[in-house]
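Have a look at the structure below, then the notes.
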Amino acid sequence: MEILINPFGEPSNDWREEERKAKQSLLRRLEGNPDGNIPAEVAIKNIGRGADWHVLSLTILSTATGLFFVIPAAHKKVRESLEEWRRIYNEFSRLLSWLAINSPIYFPDHYLFLVALLNLDEDTEASELEYLGCHPIPEDNPSLEGLEALIFNFKDGDVLESIAISRQGNVMWHNSTPLGAESA
């Protein structure tokens, strides 16, 4: 699971040293986790299109941490894994809180799925939802290609539940649309 962190802002004259320090700092924090070392890779990644935009890439090694999960195939009931997804979300959120990253973060699709699902669980019975799929919201910034906000769609009986989640893990909006004949 890859998380992109944007701690650098405008490049300075000594940007290579800033990148090295940021990378080493994050690695030290991961090694000092009170729950044990978190197997992860930290690297500098250039996500810029046409101009350099360097970010920290934190890849949590899924096989070692148990944080990996898959978004269900479309038309699968959520109930099959809801409690496990809630546990993964809680562990991941605890890790992020402990790391205390104060820079903008771009989360992977898997994490955004969890945010969507657990936010819907506040208004609906998420275990009864049927996952229909997701799609990106177009982004003006070409450097964010592949990092667009996502709209997740779920069916709850005869209601379509759509929820948009920003790449930073924030709910942008939530909409419920009746699917019955009277709504046409």
Side-chain angles (χ1 to χ4, degrees), residues 1-7 26 38 40 42 45 47-49 53 55-62 65-179 183:
M1 178 183 296
E2 182 184 40
I3 302 163
L4 300 178
I5 306 164
N6 185 16
L26 185 55
I38 298 170
V42 178
K45 188 173 186 177
I47 64 171
R49 304 269 192 274
W53 181 5
V55 296
L56 274 176
S57 168
L58 169 60
T59 303
I60 298 172
L61 303 176
S62 57
T65 63
L67 287 175
F68 184 78
F69 60 95
V70 293
I71 296 175
H75 307 296
K76 283 210 172 178
K77 287 283 186 181
V78 169
R79 80 168 58 98
E80 297 166 10
S81 303
L82 182 61
E83 287 310 311
E84 183 65 13
W85 288 332
R86 188 180 317 275
R87 183 192 63 75
I88 291 167
Y89 175 83
N90 290 337
E91 286 180 13
F92 192 70
S93 295
R94 191 174 75 234
L95 170 65
L96 290 175
S97 293
W98 179 81
L99 286 173
I101 298 170
N102 295 322
S103 302
I105 298 175
Y106 302 95
F107 291 108
D109 295 358
H110 299 87
Y111 181 76
L112 301 184
F113 171 80
L114 289 178
V115 172
L117 183 63
L118 296 178
N119 272 275
L120 286 175
D121 195 34
E122 295 173 5
D123 299 327
T124 65
E125 180 58 45
S127 64
E128 296 301 315
L129 295 174
E130 188 176 317
Y131 178 64
L132 300 177
C134 71
H135 57 278
I137 298 174
E139 173 65 56
D140 287 339
N141 184 344
S143 293
L144 292 176
E145 184 178 326
L147 294 174
E148 300 91 351
L150 296 176
I151 299 173
F152 293 89
N153 295 301
F154 297 85
K155 186 177 176 190
D156 184 14
D158 60 352
V159 176
L160 174 66
E161 298 288 349
S162 298
I163 186 166
I165 308 294
S166 73
R167 199 43 75 167
Q168 291 74 33
N170 300 316
V171 175
M172 298 167 64
W173 53 262
H174 170 210
N175 188 44
S176 299
T177 305
L179 298 173
S183 64

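Only this structure's heavy atoms are used, side chains among them; waters, hydrogens and symmetry mates stay out. Being a predicted model, the structure only gives us computed values, none of them experimental.
Looking only at side-chain heavy atoms (C-beta outward), D158 and P178 stay at 4.5 Å or farther from each other. Between D109 and R167, some side-chain heavy-atom pair lies under the 4.5 Å cut-off. The shortest distance between side-chain heavy atoms of L150 and I165 does not fall below 4.5 Å. The side-chain heavy atoms of L179 and K155, taken from C-beta on, include a pair separated by under 4.5 Å. Inter-residue side-chain proximity for E161 and T124 is flagged as met; some heavy-atom pair is nearer than 4.5 Å.
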Check the pair L4, K45 against side-chain contact (heavy atoms from CB on, under 4.5 Å), reporting the backbone distance first and the verdict last. CA-CA 8 Å; L4 300 178; K45 188 173 186 177; 4.1 Å; yes

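Across every non-hydrogen atom of Y111 and S93, the tightest pair is OH-OG, 3.9 Å. Considering every non-hydrogen atom in both Q168 and Y106, the closest pair reads NE2-CE2, 3.1 Å. What you find for F113 and F152 is that their closest heavy atoms are N-CZ, 3.4 Å. Minimum interatomic distance between S162 and W173 (heavy atoms only, all atoms of both residues): O-CZ3, 3.8 Å.
The line from CG of N102 to CD1 of I5 is 11.0 Å long, rounded to the nearest 0.5 Å. For the atom pair CG (N153) and CG (N175), the distance works out to 10.0 Å, reported to the nearest 0.5 Å. Of the inter-residue distances, the one linking L56 atom CG with L26 atom CG reads 6.0 Å to the nearest 0.5 angstrom. To the nearest 0.5 Å, the span separating CG on L117 from CD1 on I163 amounts to 9.0 Å.
Applying the side chain to side chain donor-acceptor pair (under 3.5 Å) rule to N119 yields no partners; only residues at least two apart in sequence or on another chain are considered. Looking at residues two or more places apart in sequence or on another chain, you find a side chain to side chain donor-acceptor pair (under 3.5 Å) between S57 and E2.
Within the 3.5 Å criterion, the main-chain N or O of L120 finds no donor-acceptor partner in the side chain of E122.
Side-chain N/O atoms of N6 and S103 include no donor and acceptor closer than 3.5 Å.
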Show the atom names and distances, to 0.1 Å, of all donor-acceptor pairs under 3.5 Å that link a side chain in residues 132-142 to residues at least two apart or in another chain.
residue, atom, partner, partner atom, Å
E139, OE2, N141, N, 3.4
N141, OD1, S143, N, 2.9

